[in-house]
Amino acid sequence: MSDVKTILITGANAGLGKECARQLALLPATTKVILACRNPQRAKAAQAWLRESTGRSIFDILILDLTDLDSVRRAAAEAPVVDALVLNAGGLGGSGGGEQTADGVTWQFAVNVLGHAGLAEAMLEAGKVRSVVVYAGSEAARGVPEFRMPQPKLETSSVSDFASIGDGTLFGESFDEMAAYAHAKYAGAMWMASLARHYPAVRLVTMSPGGTAGTSAAEEMTPMKRWMMTWVAMPMMLMFGHAHTVEAGAKRYIGAITDERYKSGVFYGNERKTAGPVAEQTPFFPELANAAFQDNARAAILGFLA
Ligand SMILES: NC(=O)c1ccc[n+]([C@@H]2O[C@H](COP(=O)([O-])OP(=O)(O)OC[C@H]3O[C@@H](n4cnc5c(N)ncnc54)[C@H](OP(=O)(O)O)[C@@H]3O)[C@@H](O)[C@H]2O)c1
């Protein structure tokens with residue numbers, strides 16, 4: 001087990017990020033948790049709740065909007081040196097997920113991949129991450145046959161193929177938020193694997209929290225979809241072992257942060273279904289281990305960051 005003391009978590013005001021902050025504060029080794037959030041009011045509310053529920057005053061706030069690379073660069077410059085960086089924020093983005101940001105990518109790609117890449121690349125380059133980077137993966141990135149969710153598909157996995165995930169051109173006129181999310185998380189896992197080879201002294205782990213109930217993820221959905229997800233889909237998923245609690249989901253991040261048996265450059269998620277034991281995801285999707293494809297994903301991302 002590693003001795004991680006200071007941790008920066010993106011999207012730490014809600015769902016898995018907030019619960020990860022809470023669980024980390026309960027570890028005696030932890031001396032500082034930085035809540036990197038886009039909204040100052042929500043960040044302050046989470047800080048107050050975390051102080052009260054853990055009895056510890058170790059939570060700082062860093063304002064960061066992942067859909068704005070200027071904000072990301074400012075946050076990377078302001079961030080102190082940390083032992084662990086948890087790239088947690090993300091989600092489907094609802095009907096606005098396909099809209100373009102000023103940085104030339106879809107909102108969904110920005111929040112799930114590009115903003116995190118900007119933050120992590122800058123902090124690693126500046127020597128501001130001592131021990132481990134954890135990226136929130138998703139089983140969607142390797143396909144979920146139980147839910148008829150296909151594997152991401154690229155023609156040749158070239159740099160421009162990966163770039164077409166980022167700017168949304170891969171999806172044409174009909175932006176399907178779930179398919180785009182699967183491709184974005186796939187590109188994110190591939191970028192992490194490539195980055196791991198550039199920073200051998202730091203452990204870079206992609207960890208899916210698994211199907212997790214009780215987060216704010218449904219809030220951005222249309223009212224009908226939100227109702228279906230909250231009252232029908234999630235209860236059914238919990239009942240049939242396809243989902244678990246937010247405590248169980250965040251515990252996976254804690255494992256990835258503190259347990260050095262989770263190897264650098266590897267994408268971990270469910271062994272089967274979308275909850276249950278954790279396993280390497282490559283057997284589900286061999287492309288995940290292709291170093292040339294991983295480097296193409298990183299090159300596409302660096303192109304957007306340039
Ligand atoms: N829940 C699941 O079943 C599941 C399964 C697999 C993977 N994941 C992944 O786990 C991660 C956390 O999911 P969750 O379910 O905990 O979601 P959540 O409850 O919706 O929390 C998402 C967090 O991301 C933040 N965020 C959104 N846009 C942002 C932006 N532009 N800049 C900075 N922060 C932003 C949100 O802040 P605001 O409160 O300000 O919106 C919130 O703190 C995501 O990456 C998700 O893809 C979740």
Side-chain angles (χ1 to χ4, degrees), residues 8-22 35-47 49-50 61-72 74-75 86-94 96-97 99 101-103 105-116 118-119 134-142 144 147 149 177-178 180-186 188-189 206-221 226 229-230 233-234 237-238 242-250 252-253 256 267-270 273-275 278 281:
L8 189 155
I9 309 170
T10 67
N13 61 286
L16 288 151
K18 186 165 81 166
E19 174 59 19
C20 175
R22 190 189 71 83
L35 313 173
C37 309
R38 63 174 162 171
N39 179 294
Q41 280 71 41
R42 286 197 283 266
K44 279 188 194 140
Q47 184 187 43
W49 182 86
L50 285 162
I61 291 172
L62 179 70
I63 297 302
L64 159 76
D65 183 345
L66 291 160
T67 60
D68 172 0
L69 285 180
D70 287 337
S71 165
V72 170
R74 261 196 312 274
V86 182
L87 307 173
N88 157 75
L92 274 77
E99 280 167 23
T101 70
D103 304 305
V105 295
T106 65
W107 183 95
Q108 205 195 56
F109 191 80
V111 70
N112 285 287
V113 184
L114 191 67
H116 282 141
L119 182 70
V134 176
Y135 171 66
S138 167
E139 285 74 16
R142 48 83 163 161
V144 187
F147 297 151
M149 209 182 278
E177 64 189 30
M178 199 59 218
Y181 173 76
H183 282 79
K185 289 290 189 186
Y186 170 55
T206 297
M207 174 63 81
S208 169
T212 305
T215 72
S216 323
E219 270 171 30
E220 275 160 348
M221 295 176 177
R226 189 186 323 138
M229 180 55 85
T230 309
M234 256 315 165
M237 284 172 74
L238 278 167
H242 284 288
H244 49 206
T245 61
V246 70
E247 289 83 2
R252 290 199 179 173
Y253 291 161
F267 170 22
Y268 295 92
N270 299 301
K273 295 188 178 177
T274 43
V278 170
Q281 298 296 284

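Bear in mind the structure is a predicted one, so any value in this text is a computation, not a measurement. Each ligand, and each atom within it, is numbered from 1 in the order the structure gives. Numbering of residues begins at 1 and proceeds along the displayed sequence.
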Exercise. Mind listing the closest non-hydrogen atom pair of Gly210 and Thr212 along with its distance?
Key: O-OG1, 2.6 Å
Quiz item: Does any N or O in the side chain of Thr67 come within less than 3.5 Å of the main-chain N or O of Asp65, such that one atom is a donor and the other an acceptor?
Solution: no
Quiz item: Sub-3.5 Å donor-acceptor pair from the side chain of Thr10 to the main-chain atoms of Asn88, do we have one?
Solution: yes
Self-check item: Test of proximity, Asn88 against ligand 1: N or O pairs below 3.5 Å
Solution: yes
Self-check item: Structural part of Lys185 in contact with ligand 1, heavy atom criterion under 4.0 angstrom
Solution: side chain
Exercise. Look only at the side chain of Arg252 and the backbone of Ser208, and say whether a donor-acceptor pair between them is shorter than 3.5 Å.
Key: yes
Quiz prompt | Ala89-ligand 1 polar pair, N/O distance under 3.5 Å | solution = yes
Self-check item: Nearest candidate to atom 6 (C) of ligand 1, where distance is taken over non-hydrogen atoms, out of Ala184, Pro209, Cys20
Solution: Pro209
Exercise. Under 4.0 Å from a heavy atom of Leu64: give me the atoms of ligand 1 that qualify, with their elements.
Key: 32 (N), 33 (C)
Exercise. Would you mind running through ligand 1 and noting each atom that sits below 4.0 Å from a heavy atom of Leu16?
Key: 10 (O), 12 (C), 13 (O), 14 (P), 15 (O), 16 (O), 48 (C)
Quiz item: Looking only at protein heavy atoms, which one is nearest to atom 46 (C) of ligand 1, and how far off is it?
Solution: Tyr181 OH, 3.6 Å
Exercise. Give the numbers and elements of all ligand 1 atoms closer than 4.0 Å to a heavy atom of Leu66.
Key: 30 (C), 31 (N), 32 (N), 33 (C)
Exercise. For the pair Gln47 (side chain) and Arg42 (backbone), establish whether a donor and an acceptor sit closer than 3.5 Å, ignoring hydrogens and angles.
Key: no
Quiz prompt | Arg38 N/O under 3.5 Å from ligand 1 N/O | solution = yes
Quiz item: Tyr181 and Lys185: side-chain contact (heavy atoms from CB on, under 4.5 Å), yes or no, with the steps?
Solution: CA-CA 6 Å; Tyr181 173 76; Lys185 289 290 189 186; 3.5 Å; yes
Quiz item: In terms of residue, atom name and distance, what is the protein heavy atom nearest to atom 19 (O) of ligand 1?
Solution: Ser216 N, 2.7 Å
Quiz item: Considering Ile63, Thr10, Thr212, Thr215, which one's heavy-atom position lies nearest to atom 3 (O) of ligand 1?
Solution: Thr212
Exercise. Return yes or no for this condition: an N or O of Asn39 is under 3.5 Å from an N or O of ligand 1.
Key: no
Quiz item: Which bit of Ala243 is near ligand 1, meaning a heavy atom under 4.0 Å away: side chain, backbone, both or neither?
Solution: neither
Self-check item: Per-atom contacts, ligand 1 versus Gly90 - under 4.0 Å to a heavy atom
Solution: 22 (C), 24 (O), 44 (C), 45 (O)
Exercise. Decide whether the shortest distance between a heavy atom of Ala110 and an atom of ligand 1 is less than 4.0 Å.
Key: no
Quiz prompt | Atom indices of ligand 1, in the order listed, that fall short of 4.0 Å to a heavy atom of Gly211 | solution = 3 (O)
Quiz prompt | Thr67, portion touching ligand 1 at heavy-atom distance under 4.0 Å | solution = both
Quiz item: Does any N/O atom on Met234 come nearer than 3.5 Å to any N/O atom on ligand 1?
Solution: no
Quiz item: Quick one: which of Ser208, Gly137, Ala136 has a heavy atom closest to atom 7 (C) of ligand 1?
Solution: Gly137
Quiz item: What atoms in ligand 1 come closer than 4.0 Å to a heavy atom of Gly91?
Solution: 47 (O)
Exercise. Would you mind listing which atoms of ligand 1 come within a distance below 4.0 Å of any non-hydrogen atom of Tyr253?
Key: 10 (O), 11 (C)
Quiz item: For ligand 1, which part of Arg42 has a heavy atom less than 4.0 Å away: the side chain, the backbone, both, or neither?
Solution: side chain
Quiz item: Quick one: which ligand 1 atoms are inside 4.0 Å of a heavy atom on Gly15?
Solution: 16 (O), 19 (O)
Practice problem: Mark yes or no for whether Gln108, through its side chain, and Glu177, through its backbone, hold a donor-acceptor pair below 3.5 Å. | Solution: yes
Practice problem: Have a look at Thr101, Leu119, Val111 and point out the one with the heavy atom closest to atom 29 (C) of ligand 1. | Solution: Val111
Quiz item: Where on Tyr135 is there a heavy atom closer than 4.0 Å to ligand 1, on the side chain, on the backbone, on both, or on neither?
Solution: neither
